[in-house]
2 protein chains.
Amino acid sequence: MGKRKISIEDIARRAGVSHSTVSRALRDNPLISSQVREEIKQIAREMNYVPNAIAQSLQNQRTSTIGVVVTSIADPFFAEVVEGIEQIAKSAGLNVLLSTSHRDVEQEIAAIDNFHRRRVDGILVADSRISKQQREQVAQIAVPTVVINSQIEDQPEIFYSVAIDDRLGAQLAVEHLINLGHTAIGYLGVGDRSLSNQQRLEGYRMVLRKAGIQQIPNWVAMNDQDNVRANDVTTGQKMLPQLVTAGVTGIFCYNDMVAVGALLACHELGISVPQDLSLVGFDGIALGCYVTPPLTTISQPMLELGRSAMQILLDLLAEKTVENRVLSPCLVKRGSSAPINN
Amino acid sequence: MGKRKISIEDIARRAGVSHSTVSRALRDNPLISSQVREEIKQIAREMNYVPNAIAQSLQNQRTSTIGVVVTSIADPFFAEVVEGIEQIAKSAGLNVLLSTSHRDVEQEIAAIDNFHRRRVDGILVADSRISKQQREQVAQIAVPTVVINSQIEDQPEIFYSVAIDDRLGAQLAVEHLINLGHTAIGYLGVGDRSLSNQQRLEGYRMVLRKAGIQQIPNWVAMNDQDNVRANDVTTGQKMLPQLVTAGVTGIFCYNDMVAVGALLACHELGISVPQDLSLVGFDGIALGCYVTPPLTTISQPMLELGRSAMQILLDLLAEKTVENRVLSPCLVKRGSSAPINN
DNA sequence: GTGAAAGCGCTAACAG
DNA sequence: CTGTTAGCGCTTTCAC
């Protein structure tokens, strides 16, 4: 059980050839006679040779590794996105280096810088919060980078991107509630200044305006003390009462976790969903099917989001021209929304 | 935006020193006068130098990377474990390379072999299914490896490990049901031959035996057609009816997802939980708090499982002596279990 | 077909 | 204190 692994030189010595011949043989270079090629491969096997990918990377200037930054792995949404990324990466022979940002730009930048030092072939970042100026802080001549659901306005100008259409999602949600006869419709958002939150709110406002429904400030609740984002379930739970007090009969929630929190609050307050109140979530995480009643939601193709981003990255690595993608969410009707109860 | 990144040689040329001086300066080697050290660092900054970790790794024989294999990232249990791993790894300056095995030994071995080629400093594998013989297939002189919740009997002999005490968990669950007055207690398991499933079943049997409760074969349901493991929620949903038919008043479920499936089936069949039937899960995933009624469960310290494993790996890397760990689960009483209804 | 030699970018032993 | 010289393990011209 010696410490140092064996190298092609060790094999070369044993086979009585030069190390370059071994290198060629192992990589099926046609210049080598099949005779010696097989012989060398056999010896390599006997010696339990394990090629050193680090040395290969240094020489080839490719690591066959991509870096992925997400806010948290434990978040079911990102877990699903990463699953999609990994599927495509694996089938392309690429490995995934994973980092978390916890919604903090500094940590996000640190992760990316680290990936640069490690010479990853490409980078994927979800929920990126890097602004134009910060873009320069980040090492120039960056490797191909694709952002997923960018959280900064002008980011598509500086990075390739794939994103969900938040306004469309909001529109589907609110129109669904309107179709059910609701007119007192609230928005239950989160406390950070993320783009998703803003755009879902805008979508909500736009639909109400178009439908000629009056907008009441109290119908929008956003736990924005400290401008920091707490646990989403807790947010939903805490903010629900004020919306109920304000008299809404339907609520569009920022995401499924917030909706679940709202649902829990309803259970505690004895509010029946959907009889007394209709709830619509966003994301389409599995969890939504398991609560009572199951959650009507705007479903994002999470796996597809990861897959698409990874595919764009692959195209970029193959030097193809690529286009940013905007994926459409869709309404999934379940038990938490129903016609208004007159 | 040239292609090749700048190296210490470029800096050396510009600073009029040798590349080794640059190397030393950048790494705060005390031999270098603080005068030139600052000067070199300044130049490096101006030139946007990004050290090449690949070259460093080749030289240092350390990659500062660990490989992690899980069955699936989208599984909330492993997502949490990986979160724990990443926390400790990050604070120790290590990066995480992530792979999935999908509960398949071949894929697990492939992932580990790949990690060996990439010369990771250590490996963590969750739910490992590698047997003693296969251990030899895997490249010898392996890097330090720690398994989390091993799924093969004699694995602790070949790998370091941290695991949950499945028998104890089962014991807590079944004793809880007995304390509530239940005597017709079922076990709802999964269809693969994993150790966890077997040990939870054994724990269940042991407690019943000790309590002098008669054991009815029909009280144990395990979706083992094809010996393959389907979606856990579906398993719970499908298998519940037979246990109910068999007359149980309490069920210990393999894990929370199975329990959630059982709960959904109860909703459909009009069985009230916990009035008609008590349900106990296993794992303690967040989801358990959100269903109606919230799930009584045997909670595993998932984050801690990841953290511990990573800590053991760090100790191994520091050449300390380490000991395998067995963590204890604990009972979390919630709404899905109640005294038997006479 | 195969070998010799250079070099990927860095660290470290050895001289001065 | 700093420069010279070897490698780390591999791929890849360029000769033969």
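Because the structure is a prediction, the values reported are computed rather than measured. Throughout, a chain's letter reflects where its sequence line sits, starting with A, and its residues are numbered from 1.
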Is the distance from OP1 or OP2 of [N] to the nearest side-chain N or O of [X] less than 4.0 Å?
X	N	value
Gln56(B)	dT11(C)	yes
Gln61(B)	dT11(C)	no
Ser18(B)	dT2(D)	no
Tyr49(B)	dC10(C)	yes

Which residues satisfy the salt bridge (charged side-chain N to carboxylate O under 4.0 Å, His left out) test with Asp121(B), sequence neighbours excluded? none

Can you give each donor-acceptor pair under 3.5 Å made by side-chain atoms of residues 26-40 of chain A, sequence neighbours left out, with the distance rounded to 0.1 Å?
residue	atom	partner	partner atom	Å
Asp28(A)	OD1	Lys41(A)	NZ	2.8
Asn29(A)	OD1	Leu31(A)	N	2.8
Ser33(A)	OG	Val36(A)	N	3.4

Using a heavy-atom cut-off of under 4.0 Å over every strand shown, decide if Ser7(A) touches base, sugar-phosphate, or nothing. sugar-phosphate

Tell me: [atom1] of [X] to [atom2] of [N], nearest whole Å?
X	N	atom1	atom2	value
Ile11(B)	dC10(C)	CD1	P	8 Å
Leu58(A)	dC8(D)	CG	P	13 Å
Ile6(B)	dC8(C)	CD1	C1'	16 Å
Arg118(A)	dC8(C)	CZ	P	22 Å
Ile8(B)	dG3(D)	CD1	C1'	13 Å
Ile54(A)	dC8(D)	CD1	C1'	11 Å
Asn60(B)	dG9(D)	CG	P	12 Å

What residues form a side-chain hydrogen bond (donor to acceptor under 3.5 Å, both in side chains) with Gln42(A), not counting sequence neighbours? Arg45(A), Glu46(A)

For dT11(C), does the base pair up with any side-chain atom of His19(B) as donor and acceptor (N or O, under 3.5 Å, distance only)? yes

Establish whether the base of dT11(D) is bridged to the side chain of Ser20(A) by a donor-acceptor pair shorter than 3.5 Å. no

Report the residue (Ala55(A) or Thr21(B)) whose heavy-atom-nearest nucleotide on DNA chain D is the more 5′ of the two. Thr21(B)

Pairs where residues 68-84 of chain A contributes a residue and the test side-chain hydrogen bond (donor to acceptor under 3.5 Å, both in side chains) is met, not counting sequence neighbours: Ser72(A)-Glu83(B), Glu83(A)-Ser72(B)

Side-chain donor-acceptor pair present, Arg117(A), Asn52(B), cut-off under 3.5 Å: no

Would you tell me whether Lys5(A) and Gln61(B) have side-chain atoms, one donor and one acceptor, within less than 3.5 Å of each other? no

Specify the residues of residues 24-42 of chain A, ordered by number, for which at least one heavy atom lies under 4.0 angstrom from an atom of DNA chain D. Arg24(A), Arg27(A)

side-chain contact (heavy atoms from CB on, under 4.5 Å) partners of Ala309(A), counting only residues at least two apart: Leu124(A), Val146(A), Ile148(A), Val162(A)

